[in-house]
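Residue numbers start from 1 in every chain, and the chains themselves are labelled A, B, ... in the order their sequence lines are given, proteins ahead of strands. Heavy-atom basis, side chains included; hydrogens, waters and symmetry copies ignored.
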Amino acid sequence: MTDNKEVRVRFAPSPTGALHIGGGHTALFNWLWARHNNGKFILRIEDTDLVRSTKEYEETIMSGMKWLGLEWDEGPDIGGNFGPYRQSERLEIYRDYANKLVNEGKAYKDGEAIIFKVEHGQDISFKDIVYGQIDVMSDGLKEKDSDKLKDIVIIKSDGMPTYNYAVVIDDHLMNITHVIRGEDHISNTPKQILIYRALGWEVPEFAHLPMILGRDKKKLSKRHGATSIYEYRDMGYMPDSMFNFLALLGWSAGDDKEIFDREEAANLFELSRVTKKAAVFDFDKLNHINQEHLKRLDPSVRLSMIKPFWIEAGLPVDSHSDKFLADSLTLMAGRGQTAKEMAEFSDYFVSFEPVKKRWNSDDLDKEKLKEFFTAIFGSPEWKAEKLEDIARDFVASHEGAKMKEYAMPLRFALTGMKVSPGIFEVAELLGKEECEKRVKYFGLM
RNA sequence: GGUCUCAUCGUCUAGUGGCCAAGGACACAGCCCUUUCAAGGCUGCGGCGCGGGUUCGAAUCCCGCUGAGACCGCCA
């Protein structure tokens with residue numbers, strides 16, 4: 001890394017499913033390293049599994065990456081100088097090099113397939129940027145439950161290249177300088193090194209990333225619930241939060257900074273600081289990070305994050321100004337950890353209907369409250385401070401009265417909830433007319 | 001079974017031989033604030049897997065053990 005060769009990294013998913021957490025994590029670290037070094041981030045689609053690969057998944061993966069903010073510099077959709085970027089379009093290339101290996105006696109045909117020969121006694125150790133020195137001898141590449149050395153299939157009977165072979169050809173031809181991928185690929189690396197050598201190519205740098213585990217410390221899978229990045233969007237997590245959270249799985253800046261944006265992360269990122277231990281995906285932490293980002297959002301941006309969830313709940317967002325809606329969310333500050341929660345907790349700003357549904361007046365002393373509400377609505381100015389002053393005066397002038405005895409019913413009537421921001425502020429924002437309508441509807445005045 | 005890897009609070013982590021009677025964050029508990037709930041502030045709980053070395057000195061280096069994981073496919 002002392003040379004000043006441009007850093008080129010790639011994310012190479014196979015389109016056999018949506019972008020999942022593990023894939024997003026890998027893509028993210030590649031992106032980080034590219035941006036940190038002012039290098040290039042390449043997207044390559046590994047669609048050599050004819051049966052499982054689909055165009056739809058390829059598109060989902062790409063939009064998932066875009067959602068996370070991981071834009072690539074070269075890829076199947078935008079091209080580049082090292083294409084094509086879809087393995088199914090590079091078949092002749094794989095074929096040519098495979099034939100070359102056959103001609104040189106380094107591989108042999110077996111029916112339609114081509115197999116790479118593995119010789120005994122070869123040192124196929126390598127130095128990983130994250131894991132350090134990894135020592136392996138070719139004699140270890142045995143068949144399961146046998147002493148027989150296993151040769152490597154490079155071209156399958158259907159004419160498609162295998163993963164371990166295609167990845168070498170592509171990474172070399174695309175000038176990839178750093179191969180950054182999941183730790184589950186460490187065992188594949190020595191095999192790939194064998195192929196690099198047979199072709200006389202320089203081996204790139206390798207950096208393997210720790211796995212992401214579920215709560216039970218098992219590899220993250222569907223059993224653990226949401227695995228697709230999109231499911232998190234639908235649950236109300238924001239892309240900036242997912243980015244931040246994922247970046248913290250296996251990496252830290254070294255100081256105590258834990259909430260950051262993409263640019264800050266790219267500046268601070270170092271492969272040498274990546275952790276070796278598999279990390280457990282912790283929802284509590286994700287929630288916290290999401291909440292922090294939610295708090296920091298610009299009001300108009302925050303509104304754009306929440307709106308879809310109000311709409312989904314069938315609330316009439318169009319009957320309000322964006323200013324009003326954004327102000328109501330500002331008032332919600334700190335309440336709710338996801339966009340979805342925040343939308344649920346603030347529905348009464350958008351509509352009176354959910355309030356009616358929640359209403360339950362069983363234990364209210366309506367006569368006592370009428371006097372209070374009359375005083376409140378007698379306020380010359382509909383301002384939170386004024387309303388609160390009136391409420392306090394009212395409480396002070398009534399023997400044994402407590403603020404909560406009046407504030408809570410007001411909260412119930414206005415929001416239908418036991419919990420809300422300061423109720424006088426809510427009242428101010430809702431406006432006198434709307435408040436009066438709600439209170440009268442419930443017969444409290 | 002073979003090969004490889006990993007091991008600091010429940011979780012994410014800081015820590016690369018002395019500054020560590022191990023720091024931060026999340027979670028949890030308590031207190032303060034308060035019309036409620038959050039937010040915020042403060043306090044607390046809680047960890048170097050075990051055993052041997054090396055060293056004046058080890059969470060940090062070495063060995064063994066134990067535990068966990070990955071890979072061993074004409075899947076990627």
ask   = Taking the nucleotide of RNA chain B with the closest heavy atom to each, which residue, G132(A) or R273(A), is nearer the 5' end?
value = G132(A)
key: G2(B): pairing nucleotide in any strand, Watson-Crick or G-U under 3.5 angstrom   = C71(B)
request  = Go ahead and name the base partner of C37(B); Watson-Crick or wobble counts if both distances stay under 3.5 Å, otherwise write none.
outcome  = none
Options A76(B), C12(B), C71(B), nucleotide nearest the side-chain atoms of K219(A) = C71(B)
key: Distance, rounded to the nearest Å, where N290(A) contributes CG and A39(B) contributes C1'   = 15 Å
May I have the list of side-chain donor-acceptor pairs in residues 110-123 of chain A shorter than 3.5 Å, sequence neighbours left out?
| residue | atom | partner | partner atom | Å |
| --- | --- | --- | --- | --- |
| K117(A) | NZ | G105(A) | O | 3.2 |
| D123(A) | OD1 | S125(A) | N | 3.0 |
| D123(A) | OD1 | S125(A) | OG | 2.5 |

task = Could you check which nucleotide pairs with C50(B) in any of the strands shown, counting Watson-Crick or G-U wobble with both distances under 3.5 Å?
result = G64(B)
task = Compute both the distance and the angle, then confirm whether R438(A) meets the cation-pi test with Y348(A): under 6.0 Å from the six-membered ring centre, within 45 degrees of the axis.
result = no
message = Looking at the base of C74(B), is there any donor atom on it, or on the side chain of S157(A), that sits under 3.5 Å from an acceptor on the other one?
response = yes
message = Using a 4.0 Å heavy-atom cut-off to protein, can you give one letter per nucleotide of nucleotides 23-37 of chain B, 5' to 3': B if the base is in contact, S if only the sugar-phosphate is, - if neither?
response = -BBSS-------BBB
query = Would you say the side chain of F373(A) lies within less than 4.5 Å of the side chain of L410(A), judging by non-hydrogen atoms?
reply = yes
inquiry  = Side chain of V153(A), heavy atoms from C-beta onward: which of C74(B), U13(B), C71(B) has the nearest atom to it?
reply    = C74(B)
request  = Determine the interplanar angle of the F394(A) and Y406(A) rings, folded into 0 to 90°, and report it as parallel if under 30°, tilted if 30 to 60°, perpendicular if over 60°.
outcome  = perpendicular
message = Measuring only the P atom in each nucleotide, how far is G2(B) from C19(B)? A whole number of Å is fine.
response = 42 Å
task = Assess the side chains of E46(A) and Y163(A): does a donor N or O sit below 3.5 Å from an acceptor N or O?
result = no
key: Protein-nucleotide distance (I129(A), atom CD1; U5(B), atom P), rounded to Å   = 17 Å
message = Heavy-atom count check: over 12 atoms from other residues, nucleotides or ligands less than 6.0 Å from Y441(A) OH?
response = no
query = Can you tell if the side chain of I21(A) reaches within under 4.5 Å of the side chain of I229(A), non-hydrogen atoms only?
reply = yes
Closest listed nucleotide, where the reference is the side chain of E46(A) and the choices are C6(B), A14(B), A76(B) = A76(B)
